[in-house]
There are 2 protein chains.
Amino acid sequence: MAVTIKDVARAAGVSASTVTRALTMPELVHPETRDRVRRAAATLGYHPNRAARGLITGRTGNIGLLVPDLGNPFFPSVVKGVQARAHEADYAVFLADTDEDEAAEAGLVRRLSKQVDGIVLCSPRMPDEELRTLVADTPVVLVNRRIARVPSVTAEFPDAMRQAVSHLTALGHRRIAYVAGPRSAWANRERVRALRLVAGEMSVDLVEIGNVLPMFEGGVAAADQVLAARVTAVIGFNDLIALGLLNRFTARGVAVPADISVLGFDDIALAAMVNPSLTTVALPKEQSGRAGVDLLLQLLAEPDRQTAARRELPTQLMVRGSTGPANA
Amino acid sequence: MAVTIKDVARAAGVSASTVTRALTMPELVHPETRDRVRRAAATLGYHPNRAARGLITGRTGNIGLLVPDLGNPFFPSVVKGVQARAHEADYAVFLADTDEDEAAEAGLVRRLSKQVDGIVLCSPRMPDEELRTLVADTPVVLVNRRIARVPSVTAEFPDAMRQAVSHLTALGHRRIAYVAGPRSAWANRERVRALRLVAGEMSVDLVEIGNVLPMFEGGVAAADQVLAARVTAVIGFNDLIALGLLNRFTARGVAVPADISVLGFDDIALAAMVNPSLTTVALPKEQSGRAGVDLLLQLLAEPDRQTAARRELPTQLMVRGSTGPANA
DNA sequence: TTCAAGATCGCCAACGTTTTCATCGAAAAT
DNA sequence: ATTTTCGATGAAAACGTTGGCGATCTTGAA
């Protein structure tokens with residue numbers, strides 16, 4: 001059926017080993033035969049069977065990618081970055097979506113791990129200890145989560161939060177609400193921490209509002225609590241939550257930004273599409289995906305490095321229409 | 001390193017063949033040994049190496065999925081459906097994104113095809129002839145495109161369009177614009193066709209406006225032409241385009257739906273999040289993904305069926321805030 | 001002229017499975 | 001009691017690669 005290495009060998013009048021060498025270790029074969037083999041391979045349209053190769057080398061040429069929810073536009077962006085970089089390096093990508101089901105994560109990782117050389121875990125929700133046991137078995141790179149001695153890609157959260165709060169204080173806001181995302185999300189914990197720190201420094205009153213799902217509905221659900229808190233500005237854990245807030249505010253006749261300013265995180269495409277457009281802190285989404293793959297490839301190349309690589313990418317506040325001067 | 005079939009065999013005191021049989025053809029082994037083997041496999045945490053299995057069976061247990069652009073929320077939804085159904089059937093999913101690059105499609109399919117049992121091609125842009133040659137080599141199922149003698153999953157476009165136009169005419173609209181998506185998109189061609197038909201039947205004036213990319217920016221770009229066309233309603237090829245229109249209309253001070261009604265296609269989550277919310281025809285996104293996998297599995301099970309399976313799924317108009325009575 | 005070294009290439013084992021074939025009892029039929 | 005059948009199992013080949021080892025040939029130095 002498919003063209004195998006033997007077909008090429010026969011066509012070129014050499015042995016199978018020579019074909020392998022001609023294609024993967026060119027310096028070991030005579031230039032003349034090398035060209036002959038290559039021509040034969042090209043005309044027959046030969047591509048090595050990756051499964052067979054993987055069987056012997058222990059390398060599959062695949063990487064796995066796990067995300068919590070493709071329905072949140074943040075993640076497709078990361079996926080795109082992972083894809084792009086992986087394809088450049090001639091790796092294929094297995095994708096799995098956990099549907100925000102924390103319990104399913106470990107199982108999916110284990111399942112994927114047999115078929116891939118390593119896994120990019122994006123925003124995993126599982127607890128640290130569980131994560132640690134997984135990492136012991138499989139090469140893993142974390143995106144949007146940090147934990148000691150595991151390679152990770154994150155955004156500069158303290159700085160991101162500083163940009164956000166500075167912007168709001170510059171507009172005169174002194175009492176700010178934060179609508180928290182999932183407790184299990186590392187990014188949420190980091191944002192809370194950075195926010196408390198910055199709020200303290202800048203002496204702004206901080207009102208923290210419950211944990212909600214990182215979705216539009218979560219924002220809608222929290223909106224009335226925000227209004228009851230009598231703040232002049234609100235920061236959502238992510239853009240979807242911020243959009244939910246925006247939507248409910250409008251429904252209740254609360255004007256944005258005249259009555260209250262709204263600020264999100266992520267800068268999903270949608271943030272620029274709504275009216276008023278959403279001020280938000282842009283996270284490096286595609287870039288994070290690319291960096292994740294970079295780190296993974298590096299990890300695969302030198303598995304027994306002691307210090308885990310860590311990459312922290314810069315963020316950028318995007319000022320749009322949903323924030324304005326405080327109306328105390 | 002990893003636990004192999006031999007480890008299980010040794011632990012259970014049987015041969016490797018018996019282990020295989022106990023796990024995949026249980027009726028062939030003695031119940032007692034079967035249980036012994038299964039217990040051994042379970043305690044050792046044995047999972048067959050899929051590459052090795054694939055080598056001999058010719059089946060990889062993987063399927064490929066190709067989409068034009070993960071940045072368009074329509075596609076992540078389809079991906080979710082594919083994922084879900086594939087995992088149920090114990091298949092893993094290779095994902096690739098072509099970035100709306102028509103030329104890259106064939107190459108990616110060919111590349112994927114070595115590592116998967118079959119491919120779900122979602123909204124492929126390539127021309128029919130090229131598609132045909134691909135289909136000859138690899139089991140392929142089309143989602144959101146139809147072509148003779150290839151299994152496909154589509155939505156009921158004529159009916160979808162009928163719902164859309166009926167809604168508008170019921171509101172008194174008699175002159176309607178359509179903002180077309182990519183010429184290479186089958187879905188666009190179908191929508192145009194259905195629209196012309198329905199427009200004729202209902203005797204509404206139809207203004208077709210250029211081909212734009214199926215993105216927010218495409219809608220923004222087309223908006224002024226729409227206004228110049230002096231229509232009372234506009235249908236966008238998809239929700240992103242419709243949102244672009246909405247955005248530009250608002251920017252120009254044109255009220256929606258008071259001055260002009262806007263209607264989209266797809267019902268991406270975002271359609272309900274904006275203000276005014278977007279009236280749109282909901283396409284079965286996740287369902288299409290699931291159905292695509294179903295058809296693929298069916299195709300793999302009986303490769304030499306003559307008649308290609310075809311599934312046409314119903315659509316549903318979602319009336320929201322962007323459509324209202326015509327203001328002639 | 002001889003020999004060591006290097007270049008080039010073929011043979012074969014190995015990777016972890018599945019599957020065909022053969023073997024061996026035991027049960028059933030004669 | 002003898003043959004046949006069948007159920008249960010193991011041995012071995014095969015899938016398509018890769019890589020260690022050794023064989024052959026060339027080259028240049030002694």
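Below, read A as the first sequence line, B as the second, and so on, with proteins coming before strands; counting in each chain starts at 1. As the structure is a computational prediction, the values presented were derived from the model and not from experiment.
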Taking 4.0 angstrom as the limit, do B/Glu129 and B/Arg132 come out as a salt bridge?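 No salt bridge links B/Glu129 with B/Arg132.
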Summary of protein contacts for nucleotides 5-13 of chain C, nucleotide by nucleotide, where a base hit scores B, a sugar-phosphate-only hit scores S (4.0 Å, heavy atoms): ---SBBBB-
If you measure from CG on A/Leu70 to CG on A/Leu95, what distance do you get to the nearest 0.5 Å?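 Rounded to the nearest 0.5 Å, the CG-CG separation comes out at 5.5 Å.
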Roughly how far, to the nearest 0.5 Å, is the CZ atom of A/Arg311 from the OG1 atom of A/Thr154?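 The distance works out to 11.0 Å.
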Under 4.0 angstrom between B/Thr20 side-chain N/O and C/dT17 OP1 or OP2: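 Looking at the OP1 and OP2 atoms of C/dT17, neither is under 4.0 Å from any side-chain N or O of B/Thr20.
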Closest heavy-atom contact between B/Pro68 and B/Asp97?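 Taking B/Pro68 first and B/Asp97 second, the nearest heavy atoms are O-OD1, 3.7 Å.
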Can you name the closest pair of heavy atoms from A/Asp128 and A/Ile147 and give their distance? O-CD1, 3.9 Å
Could you tell me if A/Ser17 and A/Thr20 have a donor-acceptor pair between their side chains, going purely by distance under 3.5 Å?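 Their side chains do not contain a donor-acceptor pair, so the 3.5 Å distance test is not met.
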First and last nucleotide of DNA chain D in contact with chain A, 5' to 3', at under 4.0 Å to a heavy atom: what are they?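 First-to-last contact on DNA chain D, by the 4.0 Å heavy-atom rule, is D/dG16 to D/dG20.
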Have a look at B/Thr57 and say if it touches a base, only the backbone sugar-phosphate, or nothing, with a 4.0 Å heavy-atom cut-off.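 Touches sugar-phosphate only.
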Please lay out, stage by stage, how B/Phe74 and B/Leu283 fare under the test side-chain contact (heavy atoms from CB on, under 4.5 Å). CA-CA 9 Å; B/Phe74 177 82; B/Leu283 301 190; 4.1 Å; yes
Are the side chain of B/Asp7 and the backbone N or O of B/Thr4 linked by a donor-acceptor pair below 3.5 Å? yes
